[in-house]
Amino acid sequence: MSERIFIGVAWPYANGSLHLGHIAGCCLPADIFARYHRLKGNQVLMVSGSDQHGTPITLRAEQEGVTPAEVVDRYHLQFLDCWEKLGISFDLFTTTSTPNHARVSQDIFLTLLEKGYIYKNSVPQQFCPNCQRYLPDRYVEGTCPLCGSPGARGDQCDSCGKPLNSTELGNPRCRICDTTPLIRESEHFFLRLSAFQEPLRKWIEAQQHWRPNVLNFSLRYLDEGLRDRAITRDINWGVPVPVEGYEDKRLYVWFEAVIGYLSASIEWASGDEARWRPFWSGDARVYNFIGKDNIPFHTLIWPAMLMGYGGLNLPYDVPANEFLNIQGRQLSTSRNWAVWLPDYLETYDPDPLRYYLSANMPESGDTDFSWQQFYSRNNDELVATYGNLVHRVLTFVHRHYSGEVPQPGTIDAEGQALLDKAAATLDTVDWALAECHFREGLRAAMALAQEGNRYLESRAPWKSVATDREGTGTTLYMAMSVISCLKTILYPYLPFSSTRLHQYLGLEGSVEAPWEWQRPAPGRGLPAPSALFTKLDAKGIEAEVSRLGASP
RNA sequence: GGCAGCGUAGCUCAGAGGCAGAGCAGGGGCUUCAUAAGCCCUGUGUCGUGGGUUCGAAUCCCUCCGCUGCCA
């Protein structure tokens with residue numbers, strides 16, 4: 001039976017390029033999951049978009065002397081290009097700047113306000129008398145009250161790394177004009193998270209299928225007690241607050257960005273409720289793929305908003321990944337200790353990256369990306385085990401069977417054992433992908449490729465072809481069948497190479513065929529194969545490593 | 001400072017009371033269809049430290065060390 005699967009992917013900030021952390025953290029697992037469910041014949045809606053609001057954007061724009069819109073447009077286009085090249089198959093990748101998103105966000109805001117889940121309160125804020133505006137924390141600089149360092153920002157001190165409150169800074173200055181700001185009371189709206197403490201606990205405790213890290217992390221927040229949080233800001237870039245007298249304020253980015261999952265669904269459906277609502281109600285399952293830094297927003301705040309709003313499904317699962325380190329060190333965009341996706345895609349194919357990050361995905365703990373590992377996994381696993389299996393079989397068929405799928409004869413015990421193994425692997429990977437165990441699924445698939453090589457070694461068709469053409473044809477047909485199975489189970493991980501393989505095997509229809517084991521048609525003529533993957537010259541490693549941390 | 005997580009083979013990572021695992025690298029052999037690819041064999045690891053619970057601990061509890069994150 002066809003199911004409805006909604007896949008929401010964390011929204012990247014449109015203030016810089018994408019890096020491998022974004023990919024390993026949420027985009028790649030979401031895409032694997034989406035492709036898997038499409039093969040299973042389920043209805044999938046996968047959305048995300050550029051997060052175009054928030055002070056990181058406005059600060060970047062002011063540093064560059066351009067408008068925030070110019071910054072976000074530039075990166076949004078770059079994101080779209082990256083999805084295309086890496087094969088991240090969004091049904092819609094929109095932005096938070098659309099009128100639709102503003103309308104949906106304001107609707108949720110007003111509904112929660114009406115129901116009493118949002119209320120007004122007054123808070124002290126830095127105000128710059130010269131700029132005539134309230135200053136977000138990041139716009140204030142001063143002396144760190146903890147370590148005495150002079151260059152601390154209002155939200156955090158880079159010197160000692162401690163998070164701060166801008167009103168605590170000594171000798172505060174406006175980062176725009178250097179004037180000393182005043183402290184003024186400013187009225188803001190607050191989300192009454194405290195009202196959802198018990199409903200959330202009850203709901204989360206029932207989510208025993210969640211990953212332990214997500215479950216424990218969320219429960220710990222609840223143990224500390226949820227506090228109401230301000231959801232508006234004194235800023236002029238963002239979604240307007242739909243209340244009179246609040247023209248100079250905007251919805252705070254964390255309140256509004258999570259609404260993007262819903263607004264993007266509505267945009268995808270061109271507003272047709274009959275199309276989008278089935279993904280948000282009834283048996284439909286909502287999955288949110290995010291990084292661990294985003295857990296509380298997706299397991300507490302957004303669910304609380306949904307509970308308050310009513311009528312929409314809460315997340316079914318939030319498979320948050322941990323972090324990807326780079327060459328043993330924590331990824332840092334400001335120090336340029338990152339592998340940028342546009343750079344990667346300029347030099348390499350998408351599938352090797354998808355392979356490496358899937359094999360080493362930070363599913364249960366932080367993992368490390370190293371160029372040495374990337375090269376060796378490409379050369380020693382992808383090329384040597386899988387690519388070579390495909391290549392040796394297809395070139396053999398071309399050379400000795402004039403490029404036609406050989407006719408299989410009687411299947412002996414060894415051949416049957418291989419077929420059984422392939423059938424079992426299809427089921428194992430099926431289960432692993434359904435449960436979001438991406439590493440395990442890939443491992444099982446690669447084990448089947450190894451089994452295929454083992455089978456060939458044992459049958460030695462290169463010997464038997466001279467004396468037993470029929471038996472050798474059966475051997476090759478068995479091998480091609482296994483390769484066809486690999487084509488399907490690896491499609492979610494390696495869509496580009498599976499698409500080529502689908503053609504090389506002379507299979508009917510699209511590569512997005514059902515999740516089943518397609519057998520090649522005996523007698524069918526095959527196109528000339530070429531290698532699925534390219535071996536990388538280890539000389540490239542050093543060059544890549546030396547780029548890390550260099551000034552951009 | 002408070003809280004949490006992590007620390008397992010040379011490397012990257014699994015395992016979560018019952019004989020320490022996988023892939024890769026390294027060593028030895030076989031093979032030659034294939035991108036010098038493949039296959040077989042090959043691990044004496046104080047499971048970070050010290051203690052405790054248990055018939056039995058990598059696994060549960062406590063101490064300490066190291067790293068990471070969150071919070072103040």
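Below, read A as the first sequence line, B as the second, and so on, with proteins coming before strands; counting in each chain starts at 1. Predicted, not measured: the structure shown is a model, and the values here were computed from it.
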Between the side chains of A:Arg184 and A:Tyr134, does any donor sit under 3.5 Å from an acceptor?
-> no

Determine the interatomic distance between P on B:G5 and the same-named atom on B:G27; round to the nearest Å.
-> 41 Å

Under 4.0 Å between any heavy atoms, over every strand shown, what does A:Leu442 touch: base, sugar-phosphate, or nothing? Just pick one.
-> nothing

Provide the Watson-Crick or G-U wobble partner of B:C55, both distances under 3.5 Å; none if there is no partner.
-> B:G18

Would you kindly give the CG-to-P distance between A:Asn378 and B:A25, to the nearest whole Å?
-> 13 Å

Which nucleotide, B:C39, B:C13, B:U12, lies nearest any side-chain atom of A:Arg377?
-> B:U12

Among the nucleotides B:U12, B:U35, B:U31, which one has an atom lying closest to any side-chain atom of A:Trp462?
-> B:U31

How is A:Ala384 classified with respect to the nucleic acid when contacts are heavy atoms under 4.0 Å: base, sugar-phosphate, or nothing?
-> sugar-phosphate

What nucleic acid atoms does A:Glu440 come within less than 4.0 Å of, heavy atoms only: base, sugar-phosphate, or nothing?
-> nothing

Separation of the P atoms in B:A57 and B:C41, to the nearest angstrom = 32 Å

Please check if any side-chain donor atom of A:Asp430 sits under 3.5 Å from a side-chain acceptor atom of A:Tyr36, or the reverse.
-> yes

Looking only at side-chain N and O atoms, does A:Arg227 come under 4.0 Å of OP1 or OP2 in B:A72?
-> yes

The nucleotide from B:C13, B:C24, B:C70 with an atom nearest the side chain of A:Tyr221 is B:C70

A:Arg469 NZ/CZ over A:Tyr401 ring centroid, <6.0 Å and within 45° of normal = yes

Please state the P separation for the pair B:U49 and B:C65 - nearest whole angstrom.
-> 15 Å

Among the nucleotides B:C11, B:G23, B:C33, which one has an atom lying closest to any side-chain atom of A:Glu457?
-> B:C33

Sugar-phosphate, base or nothing in reach of A:Gln372, heavy atoms under 4.0 Å = nothing

Side-chain N or O of A:Ser364 closer than 4.0 Å to phosphate OP1/OP2 of B:A14 = yes

Could you give the distance separating B:C3 and B:G45 at their P atoms, to the nearest angstrom?
-> 36 Å

OP1 or OP2 of B:A34 less than 4.0 angstrom from a side-chain nitrogen or oxygen of A:Arg399, does that happen here?
-> yes

Using the P atom as the reference point in each nucleotide, state the distance between B:U8 and B:G50 in Å, no decimals.
-> 15 Å

With heavy atoms under 4.0 Å as the rule, sort A:Phe533 into base, sugar-phosphate or nothing.
-> base

Gap in Å between the two P atoms, one belonging to B:G26 and one to B:A37, rounded | 10 Å

Any side-chain N or O of A:Gln330 under 4.0 Å from OP1/OP2 of B:C67?
-> no

Specify the residue among A:Arg454 and A:Lys535 whose closest nucleotide of RNA chain B lies further upstream toward the 5′ end.
-> A:Lys535

Taking the P atom of each, how far is B:A72 from B:A14, in whole Å?
-> 30 Å

So, A:Phe396 and B:C33: ring centres less than 5.5 Å apart, planes less than 30° off, yes or no?
-> no

Within the 6.0 Å centroid threshold, strictly below: A:Tyr13 and A:Trp11 | no

What nucleic acid atoms does A:Lys463 come within less than 4.0 Å of, heavy atoms only: base, sugar-phosphate, or nothing?
-> sugar-phosphate

Residue matched to B:G1 through Watson-Crick or wobble contacts both under 3.5 angstrom | B:C71

Looking only at atom P, what distance separates B:U63 and B:G23, rounded to whole Å?
-> 38 Å

Taking the nucleotide of RNA chain B with the closest heavy atom to each, which residue, A:His400 or A:Tyr356, is nearer the 5' end?
-> A:Tyr356

Give the nucleotide from the list B:A25, B:C39, B:U12 with an atom nearest to the side chain of A:Asp368.
-> B:U12

With a distance cut-off below 6.0 Å to the six-membered ring centre and an angular limit of 45° from the axis, does A:Arg233 pair with A:Tyr252 as a cation-pi contact?
-> yes

For B:A34, the Watson-Crick or wobble partner whose two distances fall under 3.5 Å = none

For the ring pair A:His437 and A:Trp431, is the centre-to-centre distance below 6.0 Å?
-> yes

is_close_aromatic(A:Tyr355, A:Phe533), centroid dist under 6.0 Å = no

Please determine, for B:G10, whether a Watson-Crick or G-U wobble partner exists with both distances under 3.5 Å, and give it or none.
-> B:C24

Hey, does the side chain of A:Arg439 come within less than 4.0 Å of B:C13's phosphate (OP1/OP2), counting only N and O?
-> no

